[in-house]
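Only one structure is covered here, and it is reproduced in the block below.
No hydrogens, no waters, no symmetry mates; every other heavy atom, side chains included, goes into these values. Here is how names work: the chains are called A, B, and so on, in the same order as the sequence lines, proteins then strands, and each is numbered from 1.
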Number of protein chains: 2
Amino acid sequence: MKKVSDSTVTRLSLYLRILNELNEQGLSTVSSEELARRGGTTAAQVRKDLSFFGTFGKRGLGYAVPDLLERLRAILGLGRHWRVALVGAGKIGSALFGYQDFRRQGFHIVAVFDADERKVGQWWNGLQVLPVEDLEDVLRAEGIEIVIVAVPAEAAQGVVDRVVAAGVRGILNFAPTKLDVPPEVTLKSVNMTVELEGLSYALSNGERSGGKRRGTRADRS
Amino acid sequence: MKKVSDSTVTRLSLYLRILNELNEQGLSTVSSEELARRGGTTAAQVRKDLSFFGTFGKRGLGYAVPDLLERLRAILGLGRHWRVALVGAGKIGSALFGYQDFRRQGFHIVAVFDADERKVGQWWNGLQVLPVEDLEDVLRAEGIEIVIVAVPAEAAQGVVDRVVAAGVRGILNFAPTKLDVPPEVTLKSVNMTVELEGLSYALSNGERSGGKRRGTRADRS
DNA sequence: TGTTGTGAAGGCGTTCACAGCC
DNA sequence: GGCTGTGAACGCCTTCACAACA
């Protein structure tokens with residue numbers, strides 16, 4: 001597989017969501033034009049994005065919704081369950097833990113950690129909050145593949161180092177700080193303050209509408 | 001002011017955070033090289049980003065930390081308070097409401113709305129959750145400039161339309177759906193599921209580290 | 001006829017390299 | 001001498017335009 005840009009992958013997620021809706025509505029085919037309209041991009045972009053992975057459409061007809069849906073799920077690696085751990089049982093961690101969309105897409109949070117002994121031992125929907133001391137052991141024992149980091153900025157790099165040492169190769173970070181990971185690990189960060197500051201900038205300078213893509217953004221490693 | 005790319009603005013936020021740290025540590029000057037190292041970018045990029053807004057450095061010396069800090073705050077429109085409303089008092093709304101970083105950067109949540117009558121009337125840290133019916137009236141009466149949308153995807157466009165109609169020009173969206181706003185309104189979206197799917201893609205295809213930016217990502221309008 | 005798939009062109013952000021100052 | 005500021009080169013992503021074909 002060639003090199004696919006990050007923005008292309010982000011748009012695939014987007015197309016996937018739209019296809020899910022179309023599929024529920026019983027639509028059987030969709031054109032790149034329609035997909036683009038619903039996704040806020042262009043028809044050429046849609047076709048180019050998809051063409052990186054194969055030729056899924058029929059000329060003159062468009063794309064078969066259920067087929068394209070399945071293809072995209074496969075491309076994105078969503079045809080399976082992912083075992084996820086959450087580090088940080090504070091406000092944000094709690095919100096993420098309850099976020100239904102994650103589970104719906106196959107991301108299952110199977111362990112929760114916190115450094116605060118008042119949080120450790122609490123039951124969260126059938127899961128007991130574990131002490132962060134046990135991090136490496138549990139990550140390995142549970143076969144965790146993705147870790148969500150929702151700890152204070154000062155603690156984030158330390159957690160990430162331990163997570164990486166335990167062999168985890170995918171990290172989603174919510175701490176507002178730059179993190180270093182080795183090249184074999186994929187790190188994505190969500191930084192809400194940066195977005196708000198972007199709004200502040202736009203409002204202060206009479207700018208036009210939003211930035212690039214939808215959704216949160218990735219991190220430079 | 002010329003056209004400044006979205007990624008430049010995002011990096012300014014980043015530099016600002018780093019400068020805050022340097023300033024607290026009592027550092028008086030910093031080079032583009034050092035700023036780049038801490039921010040995970042390049043020295044040329046730092047200088048280019050800053051050069052869009054003026055010439056803040058001294059050749060041979062670098063940048064004066066307190067000065068550059070103040071300049072960036074001014075550029076980003078952070079030398080003031082922003083009045084913010086939160087729509088959606090669920091898990092995510094609650095986490096955002098308690099997020100200290102927002103207030104620290106001058107974003108003050110002064111109103112909270114929800115459609116669920118069981119939530120309406122609750123007291124949140126001295127603020128009573130208001131019925132979403134009162135949205136337009138309160139936004140105008142309170143002089144709200146930025147609205148954070150944390151409602152289910154199906155409800156988001158409706159909320160956004162009303163918010164726009166009430167004259168608000170900055171929206172931060174957490175609902176995982178594409179939203180349309182008129183060009184004079186700036187919309188940024190945070191989509192955590194897209195990030196997780198990006199991880200899934202990377203892990204499934206043996207990719208290297210993260211995507212572009214840190215922090216959440218903006219939305220194409 | 002209608003819509004895809006794709007090489008070519010275009011636009012934009014990043015990197016380079018060096019002149020300009022402190 | 002050291003580091004910034006910046007025009008030019010570069011590379012990548014997006015857009016164009018059209019041949020291919022159901």
The nucleotide from C:dT6, D:dG5, D:dA8 with an atom nearest the side chain of A:Lys48 is C:dT6

Taken to the nearest whole Å, NZ/A:Lys3 to P/D:dG11 is 11 Å

B:Phe53 CZ to D:dT4 C1', in whole Å, measures 17 Å

Hey, what are the protein-to-nucleotides 18-22 of chain D N/O distances that come in under 3.5 Å?
| from | atom 1 | to | atom 2 | distance (Å) |
| --- | --- | --- | --- | --- |
| D:dA20 | N3 | A:Arg59 | NH1 | 2.8 |
| D:dA22 | O4' | A:Arg59 | O | 3.4 |

With sequence neighbours left out, the residues meeting side chain to side chain donor-acceptor pair (under 3.5 Å) with B:Glu145 are B:Arg80

Can you list, pair by pair, the side-chain donor-acceptor contacts under 3.5 Å of residues 83-93 of chain A, counting residues two or more places apart and other chains?
| from | atom 1 | to | atom 2 | distance (Å) |
| --- | --- | --- | --- | --- |
| A:Arg83 | NE | A:Glu142 | O | 2.6 |
| A:Arg83 | NH2 | A:Glu142 | O | 3.3 |
| A:Arg83 | NH2 | A:Glu142 | OE1 | 2.6 |

Would you tell me whether A:Asp49 and A:Gln45 have side-chain atoms, one donor and one acceptor, within less than 3.5 Å of each other?
yes

Rounded to whole Å, the CD-C1' distance (B:Glu34 to D:dC3) equals 14 Å

When rounded to whole Å, the OH to P distance for the pair A:Tyr15 and C:dT4 reads 12 Å

*Under 4.0 Å: is that the gap between some side-chain N or O of A:Thr55 and OP1 or OP2 of C:dG5?*
yes

For A:Phe102, the ring pair (Phe, Tyr, Trp, His ring centres under 6.0 Å) test, sequence neighbours excluded, returns A:Tyr99

**Request:** Return no unless some side-chain N or O of A:Arg11 is found under 4.0 Å from OP1 or OP2 of D:dC13.
**Result:** no

| request: Return no unless some side-chain N or O of A:Tyr63 is found under 4.0 Å from OP1 or OP2 of C:dG2. | output: no

Residue set satisfying side chain to side chain donor-acceptor pair (under 3.5 Å) with B:Arg47, at least two apart, ordered chain then number -> B:Ser32

| message | Can you confirm whether B:His81 is buried at NE2, in the sense that more than 12 heavy atoms of other residues, nucleotides or ligands lie under 6.0 Å from that atom? | response | no

Q. Would you say C:dT3 has OP1 or OP2 under 4.0 Å from some side-chain N or O of A:Ser32?
A. no

Picking from D:dC13, D:dT4, C:dT15, the nucleotide nearest the side-chain atoms of A:Ser7 would be D:dC13

message = If the cut-off is 4.0 Å, is B:Gln45 near the phosphate of C:dG13, judged by side-chain N/O to OP1 or OP2?
response = no

Atom CG of B:Leu50 and atom P of C:dG13 are separated, to the nearest Å, by 17 Å

Pair up each side-chain donor or acceptor in residues 19-28 of chain A with any protein partner under 3.5 Å, not counting sequence neighbours, and list the distances.
| from | atom 1 | to | atom 2 | distance (Å) |
| --- | --- | --- | --- | --- |
| A:Asn20 | ND2 | A:Leu16 | O | 3.4 |

Rounded to whole Å, CG of B:Asp67 lies from P of D:dT4 at a distance of 14 Å

